[in-house]
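As the structure is a prediction and not an experimental result, all values here were calculated from the model.
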Amino acid sequence: MEVGAAGFERCLPRLRGCIGRAAFLALDMEFTGLHSTFPQNNEPSLFDSPAERYLKARQSVQRFTVTQLGLAIFSNENSNKYVVHSYNFFLFPSTLGVTDVEFTLSASSIQFLSHYGFDYNKFLKDGIPYMNEVQEKILSQHLLAGSWKVSSALDRDVLKKAVDEVTSWIAAAEEEETMILQDLSGYQMFKVQLVLRQALQNVWTQPLGDKKVMVKKVSPHHRQLLENSPYDYCQKELILLSARGFTNLFQTLVKAKKPLVGHNMLMDLMHLHDKFYRPLPESYDEFKRNIHNLFPVLIDTKTVTKSIWKKYPFPRVSNLLEVYAALCGSNLNPKDPPYPVIVLASDCSRYAEKKSPHEAGYDAFLCGSVLLKSAHLLLCRSTDDAMEADPSFSQYLTVLAEHLNKVNFIRGGVSSINFSGEDAPCQHPPRLVVHVQGWPGLNERQIYQEFKALCRFDVRRLSKNQFILLASKFKHVRLVLRDYKHHPHLRISVYRHWRHSPRVNCLLQVSGIVALWSLLAFVLGGARCCSF
């Protein structure tokens with residue numbers, strides 16, 4: 001079900017009720033870009049520690065924004081049946097406030113989403129506003145001080161037209177006489193009222209719904225009484241409620257403390273933190289603590305399915321739709337209970353009829369379905385005894401215990417980020433050292449291109465004539481050692497810290513010099529003693 005700004009407030013109470021009854025929630029997002037190329041060397045690398053990768057990703061999250069958020073709410077209505085309410089929210093940064101939010105578009109990401117039918121008109125024209133705690137605090141302060149401003153050029157034109165209409169009308173209007181302003185959308189309803197009340201002391205305003213605002217000419221005394229009335233639709237609290245937009249639903253998710261499921265969900269979590277909670281901190285450890293406090297139970301289906309690959313014969317696919325198809329096609333033992341039944345709710349049935357890959361609501365539905373099927377498969381294989389019919393979701397959580405709060409880490413120094421403890425190091429193949437002879441001026445990019453046709457390595461310069469290669473697969477290391485054994489310009493060997501580290505070499509050189517001078521001093525000192 002698609003939800004934009006026009007229908008969001010109307011849907012909010014129903015959404016909150018669904019979340020309260022849910023067994024778990026599945027999430028997916030689409031962005032205006034993924035990995036920023038500014039500054040240079042900001043792309044993910046196998047050499048990255050979690051803290052280094054976090055700082056790289058943080059720069060990307062600060063530059064890009066969320067275009068679409070998918071939320072699939074899985075309710076366990078009976079022991080073996082899950083009813084899914086899957087929602088597709090278009091989002092757009094709030095334009096009510098004193099700062100104009102800036103974000104970057106990645107050409108490849110825009111092209112990718114367009115290929116899969118993403119509607120940019122809905123994103124731009126009907127995106128649900130949102131803001132984090134810092135932005136809300138700034139807006140609140142300026143609303144109190146009356147110093148807020150309009151950052152949207154489109155809204156400025158609408159407001160100017162409205163002010164011109166009212167000032168022309170009010171000169172000849174009688175007290176208590178009214179007029180109607182029409183065709184106001186979203187924040188314009190609030191902005192028009194705030195501007196008119198600030199500019200004219202003898203008017204009162206009231207929204208009528210359906211994009212209309214009533215303007216009434218009143219006496220200053222009557223205006224003061226109305227301002228103190230609890231029925232004022234332009235109160236600061238109501239303005240903030242509207243400006244928060246999707247953040248209101250985010251706060252519901254946080255309070256519910258339901259298990260939150262995603263697929264390769266690190267960037268999703270970073271955007272959740274940055275856009276709806278607080279700007280991302282510089283500290284990686286602080287980010288982990290904050291996310292764990294917000295969502296105590298995280299499940300990354302990428303981490304879960306990687307475990308299935310290792311334990312059971314299962315197709316090694318990574319694309320979410322392919323993983324879902326593989327699980328749907330996998331056979332259970334005859335004695336095992338069938339997979340849980342997953343049914344889309346009647347008002348969210350579009351995904352039952354049509355595949356919509358890379359639409360956030362559809363991918364969230366796939367993600368939750370993959371979790372249930374994966375957990376069921378693991379539970380069936382975890383015991384030799386006949387499993388009881390219709391296992392509960394708590395039993396699924398038990399069999400998933402080793403994967404809880406472990407979010408997949410793509411190409412880096414750990415296999416997953418542990419949001420509830422220390423990150424476990426990744427078992428990479430050994431590093432290789434490339435020693436260059438007779439090939440002056442060679443750089444990291446040229447070394448990368450040299451090995452690219454054979455296999456993929458990440459490259460770092462070690463010294464003027466030496467580079468380190470790091471691969472994700474042991475077979476690539478063996479292949480390069482074999483094929484480059486007699487290369488005329490490149491001598492390749494396994495990296496040994498004590499032998500190849502510049503720091504160790506420097507320390508050995510300094511130690512050698514100190515030892516040599518000590519020996520020389522001892523010899524010279526002994527020679528003087530002998531002369532006497």
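Take Glu2 and apply the side-chain hydrogen bond (donor to acceptor under 3.5 Å, both in side chains) test, not counting sequence neighbours, and it matches Lys122. With sequence neighbours left out, the salt bridge (Lys or Arg N to Asp or Glu O under 4.0 Å) criterion links Glu102 to no other residue. Annotation: salt bridge (Lys or Arg N to Asp or Glu O under 4.0 Å) contacts of Arg58 (sequence neighbours excluded): none. Taking Tyr120 as the reference, Ile110, Leu113, Ser114, Phe118, Phe123 meet the side chain to side chain contact (heavy atoms under 4.5 Å, CB included) condition, with sequence neighbours excluded. Looking at residues two or more places apart in sequence or on another chain, you find a salt bridge (Lys or Arg N to Asp or Glu O under 4.0 Å) between Glu359 and Arg350. In this view, Tyr339 and Ser330 satisfy the side-chain hydrogen bond (donor to acceptor under 3.5 Å, both in side chains) rule, not counting sequence neighbours.
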Side-chain donor/acceptor pairs under 3.5 Å, residues 126-133, sequence neighbours excluded:
unit_1: Asp126; atom_1: OD1; unit_2: Ala5; atom_2: N; d: 3.1
unit_1: Asp126; atom_1: OD1; unit_2: Ala6; atom_2: N; d: 3.0
unit_1: Tyr130; atom_1: OH; unit_2: Thr65; atom_2: OG1; d: 2.6
unit_1: Asn132; atom_1: OD1; unit_2: Val134; atom_2: N; d: 3.2
unit_1: Asn132; atom_1: OD1; unit_2: Gln135; atom_2: N; d: 3.0
unit_1: Asn132; atom_1: ND2; unit_2: Asp274; atom_2: O; d: 2.9
unit_1: Glu133; atom_1: OE1; unit_2: Arg278; atom_2: NE; d: 2.9

Output a table of donor-acceptor pairs, distance under 3.5 Å, between side-chain atoms of residues 258-272 and any protein atom two or more places apart or on a different chain; print 'none' if there are none.
unit_1: Lys258; atom_1: NZ; unit_2: Gly20; atom_2: O; d: 3.3
unit_1: Lys258; atom_1: NZ; unit_2: Ala22; atom_2: O; d: 3.0
unit_1: His263; atom_1: ND1; unit_2: Thr301; atom_2: OG1; d: 2.8
unit_1: His263; atom_1: NE2; unit_2: Ser318; atom_2: O; d: 3.3
unit_1: Asn264; atom_1: OD1; unit_2: Asn408; atom_2: ND2; d: 2.6
unit_1: His271; atom_1: ND1; unit_2: Lys275; atom_2: NZ; d: 3.0

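Ion pairing between a basic and an acidic side chain is recognised when a charged N comes within 4.0 Å of a carboxylate O; Asp300 and Lys406 show no such pairing. No salt bridge links Glu444 with Arg460; every basic N to acidic carboxylate O contact stays at or beyond 4.0 Å.
The list of salt bridge (charged side-chain N to carboxylate O under 4.0 Å, His left out) pairs with a residue in residues 364-380, not counting sequence neighbours, is empty. Applying the salt bridge (charged side-chain N to carboxylate O under 4.0 Å, His left out) rule to pairs touching residues 417-432 yields Lys288-Asp423, sequence neighbours excluded. Sorted pairs that involve residues 464-476 and meet salt bridge (charged side-chain N to carboxylate O under 4.0 Å, His left out), not counting sequence neighbours, are lacking altogether. Residues in residues 476-489 take part in these side-chain hydrogen bond (donor to acceptor under 3.5 Å, both in side chains) pairs, two or more places apart or across chains: Glu450-Tyr484.
Taking the six-membered ring where tryptophan is involved, the planes of His273 and Tyr277 are perpendicular, since the angle between them exceeds 60° and thus also 30°.
There is a side-chain donor-acceptor pair under 3.5 Å between Ser420 and Asn418.
Considering CG of Leu294 and CZ of Phe419, their distance stands at 10.5 Å, rounded to 0.5 Å.
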CA sep, side-chain torsions, deciding dist, call: Leu432, Val480, side chain to side chain contact (heavy atoms under 4.5 Å, CB included): CA-CA 9 Å; Leu432 298 179; Val480 166; 4.1 Å; yes
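The closest side-chain heavy-atom distance from Cys348 to Phe365 is not below 4.5 Å.
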